[in-house]
**Q** 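Dropping the structure in here first, questions after.
We use all heavy atoms of the structure for the numbers below, so side chains are in, but hydrogens, waters and symmetry mates are not. Throughout, a chain's letter reflects where its sequence line sits, starting with A, and its residues are numbered from 1. Everything numeric in this text was worked out from a predicted model, so none of it was measured.
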Amino acid sequence: MATAISLSHLGSVMRGVRSVDQVGVEERAAGLAKRSIKKASKLWALDLAIRCIDLTTLEGADTPGKVTALCAKGVRPQPGDPSIPSVGAICVYPSLVATAVAHLRGSGVKVASVATAFPSGQSFTSIKVAETREALAAGADELDMVIDRGAFLSGDYQKVYDEIGSVKEACGSAHLKVILETGELGTYDNVRRASILAMAAGADFIKTSTGKITPAATLPVSLVMMECIRDFSRETGKQIGFKPAGGIRTSKQAIAYLVVLYETLGPDWMTPERFRLGASSLLNDILMQIEKERSGAYQSADYFSVD
Amino acid sequence: MAIAKRPSTEMGQRLFEYAAAPEATDHLKIADSYALFVGGRFVEPHSRRRFATVNPATEETLSEVAEADETDVDRAVTAAADAFRSWSRLSGAKRARYIFRLSRLMQERARELAVLETMDGGKPIKESRDVDVPLAAAHFFYYAGWADKLEWAFPNRRPRPLGVAAQVIPWNFPLLMLAWKIAPALAAGNTVVLKPAETTPLSALAFADICQQADLPPGVVNIVTGAGSTGAAVVGHPGVGKVAFTGSTEVGKQIQRATAGSGKHLTLELGGKAANIVFEDAPLDQAIEGIVNGIYFNQGHVCCAGSRLLVQESIVEPLLAKLKSRLGTLRVGDPLDKNTDVGAINSRAQLEKIEGLVNSGIEEGAEIYQPECRLPERGYWFRPTIFTNVAQSYRIAREEIFGPVLSVLTFRTPDEAVEKANNTPYGLSAGVWTDKGSRILWLVERMRAGVVWANTFNRFDPTSPFGGYKESGFGREGGLHGLAAYVELS
Amino acid sequence: MDVRKTYKLYAAGEFVRSESGRTYKPDGQNNVPRSSRKDLRDMVKAARGAFPGWSRRTAMNRGQVLYRVAEMLDGRRAEFRDLLGGGRAAGRQVDAAVETWVWYAGWTDKLHQFAGTVNPVAGPYFNFTLPEPTGVVGVVAPEEPALLGLVRRLAAALCGGNTVVALASERAPLAALTLGEVLATSDFPPGVVNVLSGKREELLPWLASHMDVNAIDAAGCTADQLGQVQEAAAGNLKRVVPPGPGAEALSPHAGLDLMEFKTVWHPIGV
């Protein structure tokens, strides 16, 4: 695959990417979603889910105050219960990176910033690269970029590839997550093409969605992306991470993603280094589920802090 | 800030072993012994004999079941013949009401039936829950709708029922095969004497209870349990007008001989050795799922199983790598566990048959692959198995193994694929995986098989006719064509 | 002085004597080949060889060929009437035989629409069922009527795309053997249809047990013969169509009874 991309005819390479059968992939995902995860394995999965969360706020109305509160929640999701781990990262807009960095120092929780004219990606490459540099200068550990779907859908794969490459270069050692915005790609075939393109261009993670359009992450889309990661790993030896984002609100969903992850990519990916869940409201549902498992009683939202 | 110490990821990773998730069985009552269901009542067998039915996952006896002898069979046929007089004259609309009722009762008691099916037969609960029982109920629902539309189904042909239908079914899909047999028979106005397989009689006996609950007129459905000799008595009874059998080709041939010259209508759904053909342009990850579903579904106890994988040589390496790693994720074990993918082999005899054929494959020179998996200590188990370097002449490429054993062969061109696929006395099903529409239709045209799955495998539906070419039998089950098997037409 | 005809078998597109060299005189006058099991074997081989080509012809083309038989038969009406003993009844039989070919010529491209179905399965699949020829069919022609009995069964079997080995009426085989001449001039590829004459008792067991025959139309079998045929047919699970009360009728089901149904599943997705 890596050699294929170096061909000058990127378009024909992309159009030759193996297809995906919609019905088959959706049935497989639905089958995996029926796995019944109980007791110790459920508690373990919920713990891992928390550690993998990119706790996210991406609103026009975001303020330092909001981000400060989110950081506190991310570091100590359940005050008074040290057995509940911190989340993987706090994900914010570039202008709020500094605030997040200030509140997360020493906590082990990473700061992730979206960039590259998020969420549409409809701007100039130079501006996207500049935005990336600014976000990293402000202290971001990880960068979530969007691909240029306009270019992708018009068949200008070269532009998408080059742009990811430029941003990757600007990232240096910072982790680059490439958002495909699968909800705009229309087919699983395109998801597969975009996944391969992004990985070949230098993505450390591939990510489903911005969370700004529907559908965001779905289980079958995630399965397709994970299969691409698996193929890529087999062919290049590189282990690319995966991040579903958007619409993941319940523990049940989170566990379903972990099951698909486990049965597609295996235990090596069951770590925040290679798996993240982009979510804003998932955390409390997980906390309630953990408490339910421990206490045996179903829980009320009134007992869990909202930030 | 104090951050709790986390276990290292490596340690944590190994913890994601799914905890046991067994389906509860407390809502299910299995009696210590069962009688025969004849004339609407459970009656003690004339034979006074009973045999044990065993849970193949534990080797524990679940119940003692009556063994019907010729006298018992005669009583059942007589009851069915008596009931035929009124049942065949009942308006189609009324017959439909009864059959709809049976379907609804099966849905209402779905959980009980699924658990029973899994305990008696060894199949994973997720299959009996999501496939066998819903499809069985759907089958009754579909044919109920035909009962009052026979004149529309067969215009200008004066459809008439055939009388008493003798039906003998196998152990791989006990309730579903019962539905395939009984639903169209009743819809067309026939009455039924059904013999379930001796290793899986319990769901049929539960269905007998459902018949009572539905107030089905006595004698319309009769269930006689027993082994081969009971089946032979059912099929050979002179009072029978129709014989329907699903099972091995060997027994199918015996039945065709036994019914020769008798005037009995006959349909047979027999063995298979289906080719599942994967072209280099196939959607590969879905093809892997199709291959897995094709041969490991129901432990490979499937007559239409995709037991011969024909792979285009250009992709054989990546395909096998993917397939082998996928096999490692199959969960083999307790059939009642909701996460089990491959359950128990149905019986000791079947396990021995599988082992024998697998040994022959090794002796003939094929290369065997089995994933690491822990098997329970008690019960009948067999690891999902792949044979590579298989020649067309090996027994494992020609004989029906009826177990979780896949033989992988390769081809270079479409013509070679067709030639190899059709090079078998069987002709039940075939699979084709390719992204090219015209190639699918080209292959569909050339497959000498009754069901062709393109970019999918092992799908079933009440509306969809199913049945074989060549030695896989004759007649169709499902759909309008399945109804035709139960009527006399002008 | 007239030139007499030697009656021959119609095998693989050629006219041949029985390989056994034997004949019999069913009408006391004409020597008719008394075919052997080897003649039968050769014909089955020819029919098997012709099957892929004939079954994959377009339905339209098969209709044209069947119609051509009607044309050829119509042109030899008088000869067949005489062969059948002359008189009005014989004439009516020939007329009906011509009509049979015309009728089935019109069925070749309608069987799929008549007996095929699109099945509304509960899932994202396109699912359809269509009739397909079963393969090599052995036709046991009724003893009577000598021409029409054979033609009714033959036309039905051929119309769906099967290839055929037909046993002529034992008592009155002349019309059947002469029909071979009609078939030979009707654009059938060699081997699609083969006609043999001889003793039923000799030939039936070999036909019924032949492992490369897929189905038998037993229209001309006695009750005893039917039982024997059904029993021997179990060797490879041949489909055996018993003689029915409607065997004389024109019916698409006479063709469909010798056909398989193939169901095809395909996902619907983007």
**Q** Among B:Ala449, B:Gly478, B:Pro462, which residue forms the greatest number of heavy-atom pairs with chain C at distances under 4.5 Å?
**A** B:Ala449
**Q** Quick test of your reading of the model: are B:Arg448 and C:Glu260 salt-bridged, counting only N-O distances below 4.0 Å?
**A** no
**Q** With a sphere of 6.0 Å drawn around CD of B:Glu250, does it hold more than 12 non-hydrogen atoms of other residues, nucleotides or ligands?
**A** no
**Q** Using side-chain heavy atoms (C-beta onward) and a distance below 4.5 Å, is C:Met211 in contact with B:Glu471?
**A** yes
**Q** Of all heavy-atom pairs between B:Ala260 and C:Gly227, which one has the smallest distance, and what is that distance?
**A** CB-O, 3.4 Å
**Q** Is there side-chain contact between B:Gln256 and C:Leu237, with heavy atoms separated by less than 4.5 Å?
**A** yes
**Q** Considering only heavy atoms from C-beta outward, does the side chain of C:Asn127 approach that of B:Asp461 to under 4.5 Å?
**A** no
**Q** Check this for me: B:Lys253, atom NZ, are more than 12 non-hydrogen atoms of other residues, nucleotides or ligands nearer than 6.0 Å?
**A** yes
**Q** Working to the nearest 0.5 Å, report the span between OG of C:Ser55 and CD of B:Glu445.
**A** 8.5 Å
**Q** For B:Phe460, is it the side chain, the backbone, both or neither that has a heavy atom under 4.5 Å from a heavy atom of chain C?
**A** backbone
**Q** Between C:Ala215 and chain B, which part of the residue has a heavy atom less than 4.5 Å away: side chain, backbone, both or neither?
**A** neither
**Q** For residues B:Pro465 and C:Thr263, report the shortest heavy-atom separation together with the two atoms involved.
**A** O-OG1, 2.6 Å
**Q** Determine, step by step, whether C:Gln230 and B:Thr259 satisfy the side-chain contact (heavy atoms from CB on, under 4.5 Å) criterion, reporting the C-alpha distance in whole Å, the side-chain angles of both residues, the deciding distance to 0.1 Å, and the verdict.
**A** CA-CA 8 Å; C:Gln230 284 174 328; B:Thr259 56; over 6 Å; no
**Q** In terms of heavy-atom proximity below 4.5 Å to chain B, should C:Pro131 be classed as side chain, backbone, both, or neither?
**A** neither
**Q** To the nearest 0.5 Å, how far apart are CZ in B:Arg476 and OG1 in C:Thr129?
**A** 8.5 Å
**Q** Does any part of the side chain of B:Tyr469, heavy atoms only, come nearer than 4.5 Å to the side chain of C:Glu132, both counted from C-beta?
**A** yes
**Q** Taking side chain to side chain contact (heavy atoms under 4.5 Å, CB included) as the criterion, tell me which of B:Val444, B:Leu441, B:Val432 meets it with C:Val264.
**A** B:Val444
**Q** Could you look at B:Leu268 and say if it's the side chain, the backbone, both or neither that has a heavy atom under 4.5 Å from chain C?
**A** side chain
**Q** Specify which of B:Gly468, B:Pro425, B:Ser472 makes the most heavy-atom pairs with chain C at under 4.5 Å.
**A** B:Gly468
**Q** With a sphere of 6.0 Å drawn around CZ of B:Arg160, does it hold more than 12 non-hydrogen atoms of other residues, nucleotides or ligands?
**A** yes
**Q** Between B:Ser464, B:Gly261, B:Gly475, which has the largest tally of heavy atom pairs under 4.5 Å with chain C?
**A** B:Ser464
**Q** Under a 4.5 Å cutoff for heavy-atom pairs, which residue among C:Gly235, C:Gly135, C:Pro242 has the most contacts with chain B?
**A** C:Gly235
**Q** So, do B:Thr456 and C:His266 sit near enough that their side-chain heavy atoms are less than 4.5 Å apart?
**A** no
**Q** What do you reckon, is CH2 of C:Trp206 surrounded by more than 12 foreign heavy atoms closer than 6.0 Å?
**A** no
**Q** If you draw a 6.0 Å radius around OH in C:Tyr67, do more than 12 non-hydrogen atoms from other residues or ligands fall strictly inside?
**A** no
**Q** With a 4.5 angstrom heavy-atom cut-off, which part of B:Leu270 approaches chain C: side chain, backbone, both or neither?
**A** side chain
**Q** Using a cut-off of 6.0 Å, state whether more than 12 heavy atoms not belonging to C:Lys38 lie near its atom NZ.
**A** no
**Q** Side chain from CB out, backbone as N, CA, C, O: work out which of these in B:Ile440 comes under 4.5 Å of a heavy atom of chain C, or both, or neither.
**A** side chain
**Q** Would you say the side-chain atoms of C:His253 pair up with the backbone N or O of B:Leu489, donor to acceptor, closer than 3.5 Å?
**A** no
**Q** Mind checking the NZ-CG spacing from B:Lys470 to C:Asp212? Nearest 0.5 Å is all I need.
**A** 9.0 Å
**Q** Which heavy atom of B:Ala454 sits nearest to which heavy atom of C:Pro267, and what is that distance?
**A** O-CD, 3.1 Å
**Q** Give a yes or no on whether B:Lys436 atom NZ has more than 12 heavy-atom contacts from other residues, nucleotides or ligands under 6.0 Å away.
**A** no
**Q** Among C:Arg239, C:Arg56, C:Glu231, C:Gln228, single out the residue with the greatest number of heavy-atom pairs under 4.5 Å to chain B.
**A** C:Arg239
**Q** Are there more than 12 heavy atoms of other residues, nucleotides or ligands under 6.0 Å from atom OH of C:Tyr125?
**A** yes
**Q** Side-chain contact, heavy-atom cut-off 4.5 Å: B:Val452 with C:Lys262?
**A** yes
**Q** At a heavy-atom separation under 4.5 Å, does B:Gln254 approach chain C through its side chain, its backbone, both, or neither?
**A** neither
**Q** Pick one of side chain, backbone, both or neither for C:Ala223, based on which atoms fall under 4.5 Å of a heavy atom in chain B.
**A** neither
